[in-house]
S.K.: 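Submitted below is the structure of interest, expressed as C-alpha cells.
First listed ligand is number 1; within each ligand, the first listed atom is number 1. Residue numbers run from 1 in the order of the sequence given. We use all heavy atoms of the structure for the numbers below, so side chains are in, but hydrogens, waters and symmetry mates are not.
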Amino acid sequence: MAQRFAKSMPSGPLEAGGESVPRHIAIIMDGNGRWAAKRMLPRIMGHRQGAEAVRRTVKAAADLGIGYLTLYAFSSENWKRPADEVDDLMGLLRLYLRNEISELHHSGVRVRFIGERLRLSSDVRELIDHAETLTTNNARLTLVIALNYGSHAEIISACKRIAEKAVANEIDPASIDHAMISKYLLTADVPDPDMIIRTSGEKRLSNFLLWQAAYAELVFLDCLWPDFDKAVLESAIAEYSSRERRFGGRQA
Ligand code: IPE
Ligand code: IPE
Ligand code: MG
C-alpha cells in the first residue's frame, strides 16, 4: 500500500525508491568499539570484525538487488581519535581494497569513494583510484564508500564553487535550485538514499548525507556493526517496506 502510494507521487527531485526493496541504502556502521569492549578485546578486533561485516553486507546487497549501497567508513571527525586507532582503520581499508577488489570487480560491483582525499596517505589514494578505475563500467551494484567524509565540508565546498561561478558571471544566483546544489555535491550522480540504517543504538546522523537524507527513512538498530549480516539487512528492508513515504504529500 505504502509503496503503491510512493509510486503514484509526481516525479520530482525528492522522489526516490517506491519499491519494496530500496534502490539506495546507506549505512552508518557503528558499534565496533563496543563489540570489542563486550568481549574484553582491543578495539582493533572490533574493527576487524567490522570489515568482515562489510564483506557480508556488500554481497547481501548485491544478492538482494540493491542498486546503491553507501557505507560510512570514516568521518571527517574521526581524525580526533588516537593516532593508533586511525592507523588501524586505514590499515584495514588498505587490506580490504587489496584483498577484495578483484572479487568485487568480477561480481559486477562498481566502487566509488566520497570524502576529502587530500588528507589520505598517497598509497590509500592510489588504491582508491585503482578501485574506481577498474570497476567503472560495472553496473550490478554501486558501492559508495564514504571515507574522510563530512556533510558540512561537502556542502561548504559546493557553496564555494557555486559562488565562484556566480562571481565569474557563469551562474545567475536566481537560478540556484535543488538540482544545481545536488549537482555540486560529491553524490552528484547517485540517487538520494531511500533508507539510512545506523547500527549500535545511537540515534543521530553524525554529519552523514545531511542534504541527501531529506526524505530518507531512518532505521536505527541495536545490532552492533560487527554482528550485521544478511538477515539483519533483510529485517531493515522489511521495516522500510512497512513505512509510508509521503514526500510532503498525502494519500488521496
Ligand atoms: C564504528 O565503530 C567505526 C568507525 C567509526 C570508524 P566505533 O569505533 O565508533 O565503535 P563505538 O561507537 O566506539 O562502539
Ligand atoms: C559515525 O560514527 C562515523 C562512522 C560510522 C564512520 P562515530 O562513532 O564516529 O559517531 P559519533 O561520534 O558517535 O557521533
Ligand atoms: Mg561510534
S.K.: Of all the heavy-atom pairs spanning Asn148 and Ser76, show the shortest one and how long it is.
M.R.: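 Minimum heavy-atom separation between Asn148 and Ser76: OD1-CA, 3.4 Å.
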S.K.: Do you know which two heavy atoms are closest between Thr133 and Asp129, and how far apart they sit?
M.R.: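 That closest heavy-atom pairing would be OG1-O, 2.6 Å.
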S.K.: Which is closest to atom 5 (C) of ligand 1 in terms of heavy atoms, His47, Arg81, Arg34, Arg43?
M.R.: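 Comparing heavy atoms across His47, Arg81, Arg34, Arg43, the nearest one to atom 5 (C) of ligand 1 lies in Arg81.
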S.K.: Are any of the side-chain nitrogens in Arg34 or Glu202 under 4.0 Å away from the carboxylate oxygens of its partner?
M.R.: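 The answer is yes: the pair qualifies as a salt bridge.
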S.K.: Examine Trp35 against ligand 1 and note whether any of their N/O atoms are separated by less than 3.5 Å.
M.R.: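 Trp35 vs ligand 1: no N/O contact under 3.5 Å.
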S.K.: Looking only at heavy atoms, is any part of Arg204 under 4.0 Å from ligand 2, and if so is it the side chain, the backbone, or both, or is it neither?
M.R.: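 The part of Arg204 near ligand 2 is the side chain, not the backbone.
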S.K.: Indicate the atoms forming the closest heavy-atom contact of Leu69 with Ala61, along with that distance.
M.R.: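 Closest pair (atom of Leu69, atom of Ala61, distance): CD2-CB, 4.0 Å.
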S.K.: Does Asp30 put an N, O or S atom under 2.8 Å from the Mg ion (ligand 3)?
M.R.: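 For Asp30, the answer is yes, given that an N, O or S atom comes within less than 2.8 Å of the Mg ion (ligand 3).
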S.K.: Judged by non-hydrogen atoms, does Ala73 sit under 4.0 Å from ligand 1?
M.R.: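 Within the 4.0 Å threshold, so yes.
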S.K.: How does Phe74 reach ligand 2, by side chain, by backbone, by both or by neither, if only non-hydrogen atoms under 4.0 Å count?
M.R.: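 Backbone only.
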S.K.: Is the number of heavy atoms from other residues, nucleotides or ligands under 6.0 Å of Glu77 CD greater than 12?
M.R.: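 Enclosed: over 12 neighbouring heavy atoms sit under 6.0 Å from CD of Glu77.
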S.K.: I'd like to know if Ser200 contacts ligand 1, where contact means a heavy-atom distance under 4.0 Å to any ligand atom.
M.R.: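 No, Ser200 has no heavy atom closer than 4.0 Å to ligand 1.
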S.K.: Run through Arg112, Lys183, Arg110 and flag the one making a salt bridge (Lys or Arg N to Asp or Glu O under 4.0 Å) with Asp189.
M.R.: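 Testing Asp189 for a salt bridge (Lys or Arg N to Asp or Glu O under 4.0 Å) against Arg112, Lys183, Arg110 leaves exactly one candidate, Arg112.
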S.K.: What protein heavy atom sits nearest atom 14 (O) of ligand 2, and how far away is it?
M.R.: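 Nearest protein contact, heavy atoms only, for atom 14 (O) of ligand 2 is Ser206 OG, 2.6 Å.
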S.K.: To the nearest 0.1 Å, how far is atom 6 (C) of ligand 2 from its closest protein heavy atom, and which atom is that?
M.R.: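 Nearest protein contact, heavy atoms only, for atom 6 (C) of ligand 2 is Tyr72 O, 3.3 Å.
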S.K.: So, for atom 12 (O) of ligand 2, does the protein have a heavy atom nearer than 4.0 Å?
M.R.: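 No.
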S.K.: Given Leu89, Asp30, Leu147, Asn78, identify the one with the heavy atom nearest to atom 7 (P) of ligand 1.
M.R.: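 Answer by nearest heavy atom: Asp30.
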S.K.: Hey, is Arg140 close enough to Asp63 for a salt bridge, meaning N to O under 4.0 Å?
M.R.: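 Between Asp63 and Arg140 there is a salt bridge, with a charged N closer than 4.0 Å to a carboxylate O.
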S.K.: Which value, rounded to the nearest 0.5 Å, describes the distance between Glu100 atom CD and Lys59 atom NZ?
M.R.: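 Reported value, rounded in 0.5 Å steps: 12.0 Å.
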S.K.: Among all protein heavy atoms, pick out the one at the shortest distance from atom 3 (C) of ligand 1; state its residue, atom name and that distance to 0.1 Å.
M.R.: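 Going atom by atom, the protein heavy atom closest to atom 3 (C) of ligand 1 ends up being Asn32 ND2, 3.6 Å.
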S.K.: What atoms in ligand 1 come closer than 4.0 Å to a heavy atom of Met29?
M.R.: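 Selected atoms, number and element: 1 (C), 3 (C).
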S.K.: Measure the distance from atom 10 (O) of ligand 1 to every protein heavy atom, then report the residue, atom name and distance (to 0.1 Å) of the closest one.
M.R.: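 Here the closest protein heavy atom is Gly33 N, 2.9 Å.
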S.K.: When you measure from the heavy atoms of Glu202 to every atom of ligand 2, does any distance fall below 4.0 Å?
M.R.: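 No, Glu202 has no heavy atom closer than 4.0 Å to ligand 2.
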S.K.: Give the residue, atom name and distance (to 0.1 Å) of the protein heavy atom nearest atom 2 (O) of ligand 2.
M.R.: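 The closest heavy atom on the protein side is Arg198 NH2, 3.5 Å.
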S.K.: Can you give me the closest heavy-atom contact between Pro22 and Met195, atom names plus distance?
M.R.: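 So the two residues come closest at CG-CE, 3.9 Å.
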S.K.: Report yes if the side chains of Trp225 and Asp30 come closer than 4.5 Å at any heavy-atom pair, otherwise no.
M.R.: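 They are not in side-chain contact.
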